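Any value given below was found using the heavy atoms of this structure, including those in side chains, with hydrogens, waters and symmetry copies removed. None of the values given here were measured: they were computed from a predicted structure. Position 1 is the first residue of the sequence, and the numbers go up from there. Order of listing sets the numbers, starting from 1, for every ligand and every atom in it.
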Amino acid sequence: MKDDSSSALRELINRGEFSFSKGLGRKTESLVFDRGTLRALFEIMNRLSIRYIDYPVSSGKESVVFKAQAGGGPVAVKIYKRSTIKFNKLHEYIDGDHRFDSVNRSRSGIILLWARKEFTNLLESRRAGVLVPEPIAINKNVLVMKYLGTVKRPAPQLRKVDDPETYYSRILTNVRLLVERAGLVHADLSEFNILIHRKKPYLIDMAQSVSITHPKALQFLRRDLNNISSFYARSGIVTNVEALLSELGRSIE
Ligand SMILES: Nc1ncnc2c1ncn2[C@@H]1O[C@H](COP(=O)(O)OP(=O)(O)OP(=O)(O)O)[C@@H](O)[C@H]1O
Ligand SMILES: [Mg+2]
């Protein structure tokens, strides 16, 4: 690969391997696909026989998610932006999580750690039977996981579905499994980070998730449950997360 990532990217775009839609204009291209990211992406594409990237699913402050077609089926490729991520914010979720005690905390190391942390969290959650997208591979700041959705469209976020009440109890069951079996707190749970796939609620976006031994674990769990509760309250559905909070709180303290 040529050293100049912008020309390498241009080459890819010219070959039609990336089709950028609205919101993924020049600015995002240059932010996301720095040289290291592009190299990591190429390596992972080769490893997983990803022949092409279908389309961008989401472009946010911290990451861009693409749908891609791998040898084994459709995947979501999440690329953490190196340049825009708020580094100071990340420390709150890393310091205090004993699983990541001895890793490189330099500015360049932290983004790789952040991506790896999401991969580990997804893996541990899945092993515990929590509904999360299956993590497939990680290389630097590029994470590949199973794609949730249909051929036509990605799975909608909880806030976008017509029947959110259908999923309430299953969401709480998953929060319980996450704490009791995986020993984790999501720490950014909301109607944005739950996708409805095949009528089931999947928890996504777990880079910030922490071990229940983290000093702020209980505080994060309370915030997660309150987010869920206020989302449902806004949809006119009365919930009671207090009982679950005090019950799960006992396994945290
Ligand atoms: N496995 C997946 N399958 C299908 N869509 C996905 C998958 N993972 C993420 N997405 C889509 O991409 C969006 C962003 O993903 P995620 O929440 O993990 O990233 P983020 O760090 O919150 O990014 P942002 O900076 O946009 O908030 C999700 O809301 C969802 O719509
Ligand atoms: Mg998110």
Distance col, row Met206:CE vs Asp188:CG, nearest 0.5 angstrom, shows 10.5 Å
### ligand 1 N/O within reach of Ile204 N/O, cut-off under 3.5 Å
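No, there is no polar N/O contact under 3.5 Å.
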Honestly, for Glu62 the part within reach of ligand 1 (heavy atoms, under 4.0 Å) is both
Spacing of CG belonging to Asp224 relative to OG belonging to Ser229, to within rounding of 0.5 Å:
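It comes to 12.0 Å.
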message = Determine whether any protein heavy atom is located less than 4.0 Å from atom 27 (O) of ligand 1.
response = no
_Taking Lys81 first and then Glu62, would you say they form a salt bridge - that is, a charged N and a carboxylate O separated by under 4.0 Å?_
no
Considering all heavy atoms, the nearest Lys199-Tyr167 contact
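It is O-CE2, 3.3 Å.
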TODO: Measure from the side-chain N and O atoms of Asn193 to the backbone N and O of Leu189, and report whether any donor-acceptor pair falls under 3.5 Å.
DONE: no
Checking heavy atoms under 4.0 Å, the part of Ala76 that sits near ligand 1 is side chain
Task: Heavy atom of the protein closest to atom 6 (C) of ligand 1 (residue, atom name, distance) - done: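 Sorting protein heavy atoms by distance from atom 6 (C) of ligand 1 puts Leu195 CD1, 3.7 Å first.
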_His214 (side chain) donor-acceptor with His98 (main chain) under 3.5 angstrom_ = no
The closest protein heavy-atom partner of atom 24 (P) of ligand 1 is Gly60 CA, 3.8 Å
Does Lys78 come within less than 4.0 Å of Asp205, counting only side-chain N to carboxylate O?
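A salt bridge links Lys78 with Asp205.
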In the protein, which heavy atom is nearest to atom 8 (N) of ligand 1, and how far is it?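 Nearest protein contact, heavy atoms only, for atom 8 (N) of ligand 1 is Met145 CE, 3.4 Å.
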Under 4.0 Å from one or more heavy atoms of Asn193, ligand 1 contributes atoms 17 (O)
Review point. What do you reckon, does Lys146 put a non-hydrogen atom under 4.0 Å from ligand 1?
Key: yes
Looking only at protein heavy atoms, what sits closest to atom 31 (O) of ligand 1 is Gln157 NE2, 3.9 Å
among protein heavy atoms, the one nearest atom 11 (C) of ligand 1 is Val57 CG1, 3.8 Å
Suppose we only count N/O/S atoms under 2.8 Å; would Asp205 qualify as near the Mg ion (ligand 2)?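 Checking the Mg ion (ligand 2) against Asp205, an N, O or S atom does fall under 2.8 Å.
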- Query: Any N/O of Lys78 closer than 3.5 Å to an N/O of ligand 1?
  - Reply: yes
Logged contact type for Leu148 with ligand 1, heavy-atom cut-off 4.0 Å, is both
### Query
Quick one: which ligand 1 atoms are inside 4.0 Å of a heavy atom on Tyr147?
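Selected atoms, number and element: 3 (N), 4 (C).
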What one should report as the nearest heavy-atom pair of Ser125 and Ala182 is CA-CB, 4.2 Å
Partner of Arg99 under salt bridge (charged side-chain N to carboxylate O under 4.0 Å, His left out), picked from Asp97, Asp95, Asp101, is Asp97
**Message:** To check your reading of the model: name the closest protein heavy atom to atom 22 (O) of ligand 1, its residue, and the distance in Å.
**Reply:**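 Of the protein heavy atoms, Asp205 OD2, 2.6 Å lies nearest.
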I want to check something: taking the side chain as every heavy atom from C-beta on, are Phe220 and Leu218 in contact at a cut-off of under 4.5 Å? no
- So, Tyr232 versus Tyr168, ring centres under 6.0 angstrom or not? yes
For atom 15 (O) of ligand 1, the closest protein heavy atom turns out to be Val65 CG2, 3.7 Å
Between Arg159 and Glu191, does any NZ, NE, NH1 or NH2 come within less than 4.0 Å of an OD or OE carboxylate oxygen?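 No.
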Is it true that some N/O/S atom of Asn193, main chain or side chain, lies under 2.8 Å from the Mg ion (ligand 2)?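 So Asn193 does bind the Mg ion (ligand 2) by this criterion.
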Among Pro56, Ser58, Pro135, the residue with a heavy atom nearest to atom 14 (C) of ligand 1 is Ser58
For Ser63, the ligand 1 atoms with a heavy-atom partner under 4.0 Å come out as 19 (O), 20 (P), 21 (O), 23 (O), 25 (O)
